[in-house]
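Right, one structure below, let's go through it.
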Amino acid sequence: MIAWKHVLNRACFFGTGILLKPYPEERHFYKHLWWLILTLPLYMFLTAWIRLIGVINAMTTQATWKMRGFTEEWQRLLAVLRDDRRTIHNHYRRRKGK
């Protein structure tokens with residue numbers, strides 16, 4: 001079954017190359033990504049292990065939900081916006097002073 005995934009990945013790569021014929025710049029860029037096909041099996045292997053670890057972790061630890069209320073979320077949002085505004089203001093003040 002895994003071998004079919006590799007065949008399908010290669011077929012999709014070449015099919016996309018064919019579809020990009022009217023767009024030579026994009027096709028040139030896309031053709032230079034051929035080496036990514038070779039890394040897909042390793043990527044899929046690693047992500048499968050990460051998913052398995054996540055499933056085991058979810059089964060062995062007790063789930064807890066700690067939700068913030070609307071008021072606390074709103075206050076945090078306003079604090080972030082104030083900080084961003086202050087940062088931008090200080091940045092422009094320094095640029096103007098130069």
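Computation of the quantities below employed the complete heavy-atom set of this structure, encompassing side-chain atoms and omitting hydrogens, waters and symmetry-equivalent molecules.
- Here the straight-line distance linking atom CZ of Arg85 with atom CG of Asn90 works out to 10.5 Å at 0.5 Å rounding.
- Glu73 meets the side-chain hydrogen bond (donor to acceptor under 3.5 Å, both in side chains) test with Arg68; sequence neighbours excluded.
- The CZ atom of Arg82 lies 9.5 Å from the CG atom of Leu77; values are rounded to the nearest 0.5 Å.
- Under the side-chain hydrogen bond (donor to acceptor under 3.5 Å, both in side chains) criterion, no residue pair touches residues 36-59, with sequence neighbours excluded.
- Between the CG atom of Leu46 and the CG atom of Leu42 there is a distance of 4.5 Å, given to the nearest 0.5 Å.
- Considering CD of Glu72 and CE of Met67, their distance stands at 11.5 Å, rounded to 0.5 Å.
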Under 3.5 Å, which donor-acceptor pairs link side chains of residues 19-35 to any protein atom two or more places apart or in another chain?
from: Arg27; atom 1: NE; to: Gly17; atom 2: O; distance (Å): 3.0
from: His32; atom 1: ND1; to: His28; atom 2: O; distance (Å): 2.7
from: Trp35; atom 1: NE1; to: His32; atom 2: O; distance (Å): 3.4

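- Note: the hydrophobic cluster containing Phe14 does not contain Leu8 (ILVMFWY, side chain heavy atoms under 4.5 Å, direct or indirect links).
- Under the 4.5 Å side-chain heavy-atom criterion for ILVMFWY residues, a single connected hydrophobic cluster contains both Leu38 and Phe13.
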